[in-house]
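Notes follow the structure.
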2 protein chains.
Amino acid sequence: MTKDDHQDAVAREPDPRTADNRAEAFHGVRVARRNELAEDYVELIAELIHTQGEARPVDIATKMGVTAPTVAKTLGRLARDGLITRAKYRSVFLTDEGRALAKECRHRHEIVLRFLLSLGLDSETAERDAEGIEHHVSERTLALFAAFANRS
Amino acid sequence: MTKDDHQDAVAREPDPRTADNRAEAFHGVRVARRNELAEDYVELIAELIHTQGEARPVDIATKMGVTAPTVAKTLGRLARDGLITRAKYRSVFLTDEGRALAKECRHRHEIVLRFLLSLGLDSETAERDAEGIEHHVSERTLALFAAFANRS
DNA sequence: GCATAAAGTTAGTCTAGGCTAACAATCTGC
DNA sequence: GCAGATTGTTAGCCTAGACTAACTTTATGC
Ligand SMILES: [Mn+2]
Ligand SMILES: [Mn+2]
Ligand SMILES: [Mn+2]
Ligand SMILES: [Mn+2]
């Protein structure tokens, strides 16, 4: 269908499903990107509840570095998606599902961070990179990161 | 200003600029995310020009796993941003700036990929994860990845 | 307990990035 | 050289995620 198909007749070693894999990889990244924000939010909300006793929109806004209306709209989506519950003018609570996701995210975040630190990265850069990388590591990669961090 | 300020009076060990760093980290991730798509496109366009002789929208669409109109719109943005040039119904060319970005992206992609492979990851998963991670590694992290991959 | 400050909401705007449907141009094979 | 297939464009729709402006509610301090 695409040019590759007949090009492969000439190809030496590349396997015939390379194009598919590319599209799949990009698709996987797009999916991951769709969940990034939700992951960061529930992770932060869990942390705020733990450290401050409650998760207030104003604190979420400060830590996320966005404005209050942006937080409000995002919380609306999280509620719609069953990750949090909220009442008007009150602070935010995680549902069971939200709590489970938060736990998983914190776990991932910590492994990625520990891994970067164990590679020798300074903590500020490690924190910044971990915040982005954490959403793009598969289970398999995470396991390798954890193993490496542990035996360092 | 936020609750943290006076909370810090009670705090044990966390340093006082933690909140700022968090917001900065999230901001950095948001910025990185804005460039992800452009980076993947120019990298792919460069690759298509190299392997096929030209970069046709239909091939970009296939490899990216999106529809032709999506590609058309994205190419419009890339042209607007000075990364490519194009004429109606013709294939796409990189500007100097686009070529430079493509080169840099390919470089980053390769280092991340080699790094993941050298950690012991299978190549399919490595390719998928690299496609996402590459946009979130700082120069510093990249250098550590490269060093690790080389001495493995 | 009330005035004011702080926090939260709502409405409206914008861009990116995805899609489908419909149409236009180009390429290909005969 | 033209019919049909392929490719590309355009228009229009949608959601996410950002913002400002304006308003309402809640919390605070005196
Ligand atoms: Mn993150
Ligand atoms: Mn995180
Ligand atoms: Mn990528
Ligand atoms: Mn890439």
Side-chain angles (χ1 to χ4, degrees), chain A residues 1-6 23 26-42 44-45 48 52-81 83-93 135, chain B residues 1-7 23 26-42 44-45 48 52-81 83-93 132 135:
Chain A
M1 187 166 292
T2 114
K3 211 168 212 174
D4 303 286
D5 290 357
H6 66 83
F26 284 127
H27 182 261
V29 172
R30 281 196 298 274
V31 169
R33 209 178 317 165
R34 274 208 302 275
N35 298 102
E36 275 189 50
L37 206 65
E39 292 180 357
D40 285 336
Y41 266 74
V42 296
L44 176 56
I45 289 165
L48 286 170
Q52 320 281 313
E54 61 175 347
R56 299 156 75 220
V58 65
D59 292 328
I60 297 172
T62 300
K63 303 250 185 195
M64 292 292 303
V66 295
T67 61
T70 296
V71 169
K73 205 180 273 190
T74 304
L75 292 178
R77 284 193 298 270
L78 296 181
R80 179 202 61 190
D81 297 343
L83 295 170
I84 64 169
T85 57
R86 56 201 299 245
K88 256 193 175 185
Y89 297 101
R90 313 314 315 257
S91 56
V92 178
F93 299 91
H135 310 283
Chain B
M1 188 168 291
T2 116
K3 211 170 210 173
D4 303 285
D5 291 0
H6 65 83
Q7 288 283 117
F26 283 127
H27 182 260
V29 173
R30 280 196 298 272
V31 169
R33 209 177 315 164
R34 273 207 301 275
N35 299 117
E36 273 190 50
L37 206 64
E39 292 180 357
D40 285 336
Y41 268 73
V42 296
L44 175 56
I45 289 165
L48 286 170
Q52 318 282 312
E54 62 176 346
R56 299 156 73 221
V58 65
D59 292 328
I60 297 173
T62 301
K63 303 249 185 196
M64 292 291 306
V66 296
T67 61
T70 296
V71 169
K73 204 180 275 192
T74 304
L75 292 180
R77 282 192 300 270
L78 296 181
R80 180 202 61 190
D81 296 344
L83 295 169
I84 64 169
T85 58
R86 56 202 297 246
K88 258 193 173 184
Y89 297 101
R90 314 313 319 255
S91 57
V92 177
F93 299 91
H135 311 283

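Reminder, nothing fancy here: chain letters follow the sequence lines and each chain counts from 1. Given the structure is predicted, the values throughout are model-derived calculations rather than measurements.
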Residue from A:Val92, A:Ile45, A:Leu78 passing side-chain contact (heavy atoms from CB on, under 4.5 Å) with A:Leu83: A:Leu78

What is the separation between atom CG on B:Leu75 and atom C1' on C:dG18, rounded to the nearest whole Å? 14 Å

Please report, rounded to the nearest Å, how far the P atom of D:dA16 is from the CG atom of A:Leu78. 11 Å

Pair B:Val29, A:His135 - check side-chain contact (heavy atoms from CB on, under 4.5 Å), show working. CA-CA 11 Å; B:Val29 173; A:His135 310 283; 5.5 Å; no

When you measure from the side chain of B:Lys73, which nucleotide among D:dG8, C:dG17, C:dT13 comes out closest? C:dG17

Check whether any side-chain N or O of A:Thr70 sits under 4.0 Å from OP1 or OP2 of D:dC19, and answer yes or no. yes

Taken to the nearest whole Å, CD/A:Glu54 to P/D:dT26 is 14 Å

May I ask you to evaluate whether B:Arg90 reaches the phosphate of D:dG8, defined as a side-chain N or O under 4.0 Å from OP1 or OP2? no

Whole-Å distance between D:dA18 P and B:Phe26 CZ? 11 Å

Would you check if A:Arg86 and A:Leu75 make a side-chain contact, meaning some heavy-atom pair closer than 4.5 Å? yes

B:His27 NE2 to D:dC19 C1', straight-line distance once rounded to whole Å: 13 Å

Measuring to OP1 and OP2 of D:dG17, would you say a side-chain N or O of B:Arg30 lies under 4.0 angstrom away? no

Report the C-alpha separation of A:Leu48 and A:Lys63 in whole Å, then their side-chain angles, then the decisive distance to 0.1 Å, and conclude whether the side-chain contact (heavy atoms from CB on, under 4.5 Å) test is met. CA-CA 10 Å; A:Leu48 286 170; A:Lys63 303 250 185 195; 4.1 Å; yes

Picking from D:dA18, C:dG18, D:dT20, the nucleotide nearest the side-chain atoms of A:Leu37 would be D:dA18

Remember a base hit wins even if backbone is also touched, and classify A:Arg80 as base, sugar-phosphate or nothing at under 4.0 Å, heavy atoms. sugar-phosphate

By nearest-heavy-atom nucleotide on DNA chain D, the more 5' of A:Ala38 and B:Ala68 is B:Ala68

Atom CE of A:Met64 to atom C1' of C:dA7: distance rounded to whole Å? 19 Å

When the distance from CZ of B:Arg56 to P of C:dT28 is rounded to whole Å, what number comes out? 8 Å

Is there a donor N/O on one and an acceptor N/O on the other, under 3.5 Å, for the side chain of A:Lys88 and the base of C:dG8? no

Choose from C:dT10, C:dG12, C:dC19 the nucleotide whose nearest atom is closest to any side-chain atom of A:Pro69. C:dT10

Verify side-chain contact (heavy atoms from CB on, under 4.5 Å) between A:Glu54 and A:Asp59, making sure each step is shown before the conclusion. CA-CA 10 Å; A:Glu54 61 175 347; A:Asp59 292 328; over 6 Å; no

Respond yes when some side-chain nitrogen or oxygen of A:Arg86 is under 4.0 Å from OP1 or OP2 of C:dT9, and no when none is. yes

5'-most contact on DNA chain C (nearest-nucleotide basis), A:Ala87 vs B:Tyr89, goes to A:Ala87

Just to be sure I understand the rule, does B:Arg77 reach a base, reach only the sugar-phosphate, or reach nothing, if contact means heavy atoms closer than 4.0 Å? base

Take the protein atom CD of A:Glu39 and the nucleotide atom P of D:dA16, then report the distance between them rounded to whole Å. 16 Å

